[in-house]
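Worksheet for the structure shown next.
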Amino acid sequence: MSTIAETAHKGQARRRVRIDGWRWGGRIFLLFMLLYTALPMIWMLITSIKSGFAAMQFPPQWWPDQPTLASYQKLLDPQNSVGQDFLRFFWNSLFVSMATTILSVIVAVPAAYAFSRFTFLGRNFLFFAVLLRNMFPAVIFLVPLFILMRAIGLVNTHGSLILTYLTFGLPLAIWLLKGFYDNIPVQLEQAARIDGATRFQAFVLIVMPLSAPGIIATAIYSFIGAWNEYIYAYTFLSKNEQLTLPVGIQRFFSENTTDFPGLMAASFMMSVPVVVLFLVLQRYFVRALTEGAVKH
């Protein structure tokens, strides 16, 4: 009996060692991914507090001898041309991203609910056709959309970007919310209908509060996509007062020289709203992805 017990104990010990090995391997992998994603941000921040001469030194100066916030002061000072342009680009990006986000939620929420709750002719075909656009690279639609926007007079307006970003963001938003609505028991709506609520009231009072994580995840996805987009903003906009940040920061490049500290400061400030938004709302984003992907 003692031999059997010792053998079982050794087997359990080997299993614990194997499990601990996988656990430590996962921790090392996560640490590597954290460094892989964080180091570019750290180097961007360090470069932004260097002088122009220190940023061009080779071998590179890992930490500046005299850190300076001159690049940030120049960007946030509305009294100089660089600050005026940067603040204008920032507010343009914020307006386009917020408008895209609000319209994406307004359209995606009822569309996803209809696909989840109603049965109608061509439902499955339309649902999968929604994702058809995602099968192709965005650049394929560049010329046709430019011709369309020029025909309806939206070139050099923010409306062209908002419509384009809606076209690209809605498919995944609808797909994500539809999976989320599928996991909300329809019996909750039926109980509200029995108590005298209309379908719309049941949707607003019962379904929407329960689907808040999915709606927030959709909003995050739409905002990030619109905030970071470059190709269509570069093609549709040519007036300086209409440019968004991804296009506007190329003003730091010139024919003879490049203001690397200013460019890194602008890039860092451009990344801050997205990082803060995701850190604040990440628990809703993860919950929406997990609940929308698993059928209860």
Side-chain angles (χ1 to χ4, degrees), residues 37-38 40-41 44-45 48 71-72 75-76 82-109 133-134 137-139 141-142 145-146 149 154 156-177 213-253 262-286 288-289:
T37 54
M41 293 286 294
M44 188 189 331
L45 179 60
S48 69
S71 297
Y72 292 95
L75 289 175
L76 297 176
V82 175
Q84 291 174 0
D85 285 342
F86 178 80
L87 293 176
R88 185 186 302 113
F89 300 154
F90 185 91
W91 289 114
N92 288 341
S93 288
L94 188 62
F95 169 74
V96 171
S97 300
M98 290 299 298
T100 302
T101 301
I102 294 172
L103 290 176
S104 293
V105 171
I106 291 175
V107 176
V109 166
R133 194 223 60 83
N134 287 5
V139 70
F141 302 94
L142 184 61
L145 282 175
F146 179 80
M149 296 303 170
L154 289 181
N156 279 321
T157 67
H158 293 148
S160 61
L161 296 185
I162 295 172
L163 289 178
T164 302
Y165 299 161
L166 280 175
T167 303
F168 295 151
L170 277 177
L172 185 58
I174 294 174
W175 186 277
L176 177 65
L177 280 175
I215 295 174
I216 293 175
T218 301
I220 294 174
Y221 169 78
S222 300
F223 184 89
I224 293 177
W227 183 267
N228 293 327
E229 203 282 325
Y230 173 81
I231 296 177
Y232 284 89
Y234 181 78
T235 304
F236 291 167
L237 304 178
S238 60
K239 295 181 179 179
N240 188 70
E241 62 271 14
Q242 298 289 339
L243 297 182
T244 56
L245 266 180
V247 181
I249 59 175
Q250 70 179 353
R251 293 291 191 267
F252 290 96
F253 294 96
L263 177 63
M264 293 298 102
S267 300
F268 181 79
M269 293 183 65
M270 178 181 171
S271 64
V272 167
V274 175
V275 173
V276 171
L277 180 68
F278 187 80
L279 289 178
V280 172
L281 302 176
Q282 64 174 332
R283 63 181 183 273
Y284 299 105
F285 189 75
V286 174
L289 292 179

(Q) To the closest 0.5 Å, what do you measure between CZ (R88) and CD (Q242)? (A) 10.0 Å
Q) For N228, which residues count as a side chain to side chain donor-acceptor pair (under 3.5 Å) partner, sequence neighbours excluded? A) none
**Q.** Set of residues satisfying side chain to side chain donor-acceptor pair (under 3.5 Å) with respect to S271, sequence neighbours excluded
**A.** none
Just list the side-chain donor-acceptor pairs under 3.5 Å for residues 163-173, sequence neighbours left out, or say none.
residue : atom : partner : partner atom : Å
T164    : OG1  : S160    : O            : 2.7
Y165    : OH   : E229    : OE1          : 2.6
T167    : OG1  : L163    : O            : 2.9

**Q.** Residue list, side chain to side chain donor-acceptor pair (under 3.5 Å) with N92, at least two apart or on another chain
**A.** none
Q) Do the non-hydrogen side-chain atoms of F236 and L161 ever get within less than 4.5 Å of each other? A) yes
**Q.** Residues, nucleotides or ligands: over 12 heavy atoms within 6.0 Å of F95 CZ
**A.** no
Q. Counting only heavy atoms not in I231, do more than 12 fall under 6.0 Å of its CD1?
A. no
Q. Checking side-chain contact (heavy atoms from CB on, under 4.5 Å) for the pair F90/M269: CA distance, chi angles, key distance, verdict?
A. CA-CA 9 Å; F90 185 91; M269 293 183 65; 5.9 Å; no
Q: Hey, could you give me the CG/CG distance between L145 and L154, rounded to the nearest 0.5 Å?
A: 11.5 Å
Q.
How about OH on Y72, more than 12 heavy atoms from neighbouring residues, nucleotides or ligands closer than 6.0 Å, or not?
A. yes
Q | Under the side chain to side chain contact (heavy atoms under 4.5 Å, CB included) test, residues paired with M98 that sit two or more places apart | A | L94, F223
Q) What's the spacing between L87 CG and L75 CG if we round to 0.5 Å? A) 8.0 Å
Q. For the side chain of W227 and the backbone of L245, is there at least one donor-acceptor N/O pair under 3.5 Å apart?
A. no
Q: Check the pair V105, S222 against side-chain contact (heavy atoms from CB on, under 4.5 Å), reporting the backbone distance first and the verdict last.
A: CA-CA 9 Å; V105 171; S222 300; 5.8 Å; no
Q. Does T235 use its side chain to pair, donor to acceptor, with the backbone of Y232 at less than 3.5 Å?
A. no
Q: Kindly write out the residues that satisfy side chain to side chain donor-acceptor pair (under 3.5 Å) with S97, not counting sequence neighbours, or none if the list is empty.
A: none
Q.
Is any side-chain heavy atom of N240 closer than 4.5 Å to one of F89?
A. yes
Q: To the nearest 0.5 angstrom, please state how far the CG atom of L237 sits from the OH atom of Y234.
A: 12.0 Å
